[in-house]
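What you are looking at is a predicted structure, and each value in this text was computed from that prediction instead of being measured. First listed ligand is number 1; within each ligand, the first listed atom is number 1. Each residue takes its place number in the sequence, starting with 1.
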Amino acid sequence: MKNSKGIIFDLDGVIVDTAKFHYLAWRKMANDLGFDITLEQNEQLKGVSRVHSLEQILGWGNKTVSESEFERLMTSKNEDYLARIAHMDEADLLPGVKKVLDYLTENNIPFALGSASKNARPILKGLDIEKRFTAIVDGNDVTKAKPNPEVFLIAAEKLGMAPEDCIVFEDSVAGVEAANVARMISIGIGDSERLKQADYNFADFTEIDIDFIEKILRK
Ligand code: G6P
Ligand code: MG
């Protein structure tokens, strides 16, 4: 099949279920500061950069902190998070993801990562899939966080594809918005009501069959 489309995957919540560990680490930090954050609030943090997540959380707790305390909180949350995901391996790929990655690899269809995370490379390495990506664009490469489309536009460029020819898999509202702003095809993974702005919706990758992938690649 002639490939004229570029595929871009978000990481957290699409390829791997790190969202719960981000939540546990942020929640521990909030609890140490004397307040709590709910799972519902956590939904709003998906796809949101580390800095913006902390600003948001401190706002919920009505806390103002000095610049150095802000830095300290970011560092300690990240250390806590990294400790929680330290033992991740191939078995932690979300169900159904391997089948799609295998199909793309076997058919020489290049794909990229477009993630807000600064921990993306070590996570992909742990999952043993880092080398399969033609391009990895992560939180270290961008200055503007999702819903700004910068991360996806850089990924498209690295794939050598026009934005309109890119397909983005995303689990966050901010990420779906970023893909839409970039005029890419957005595929929402997760709650279809929450991600109703996406062009296509699936609860998870087990719902995505190869026929669908072939169909969107041909579109
Ligand atoms: C992803 C996650 C967010 C996280 C962000 C930054 O977008 O969905 O919850 O805050 O990446 O991740 P990092 O690993 O750099 O803290
Ligand atoms: Mg995500």
Counting both backbone and side chain atoms, is some N or O of Y81 under 3.5 Å from an N or O of ligand 1?
no
Does an N or O anywhere in S117 fall below 3.5 Å from an N or O of ligand 1?
yes
Got a sec, which residues hit ring pair (Phe, Tyr, Trp, His ring centres under 6.0 Å) with Y200, two or more places apart in sequence or on another chain?
F212
Go through the structure and list residues passing ring pair (Phe, Tyr, Trp, His ring centres under 6.0 Å) with F9, not counting sequence neighbours.
F111, F169
Could you pull out every donor-acceptor pair under 3.5 Å between side chains of residues 182-189 and any protein atom, sequence neighbours left out?
unit_1: S186; atom_1: OG; unit_2: N180; atom_2: OD1; d: 2.7
unit_1: S186; atom_1: OG; unit_2: D199; atom_2: N; d: 3.1
unit_1: S186; atom_1: OG; unit_2: D199; atom_2: OD2; d: 3.4

Shortest protein heavy-atom distance from [atom], along with the residue and atom involved:
| atom | answer |
| --- | --- |
| atom 9 (O) of ligand 1 | L45 O, 3.4 Å |
| atom 4 (C) of ligand 1 | V48 O, 3.3 Å |
| atom 8 (O) of ligand 1 | G47 N, 2.8 Å |

One should read off an interatomic distance between L24 CG and T18 OG1, to the nearest 0.5 angstrom, of 11.5 Å
Give a yes or no on whether a salt bridge exists between K99 and D209, defined as a side-chain N under 4.0 angstrom from a carboxylate O.
no
Does G13 reach ligand 1, in the sense of a heavy atom lying below 4.0 Å from it?
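Flag not set, G13 not near ligand 1.
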Following the transitive rule for hydrophobic clusters with a side-chain heavy-atom cut-off under 4.5 Å over Ile, Leu, Val, Met, Phe, Trp and Tyr, establish whether V97 and L217 coincide in one cluster.
yes
Under 2.8 Å from the Mg ion (ligand 2), the protein N, O or S atoms found are D10 OD2, D12 O, D171 OD1
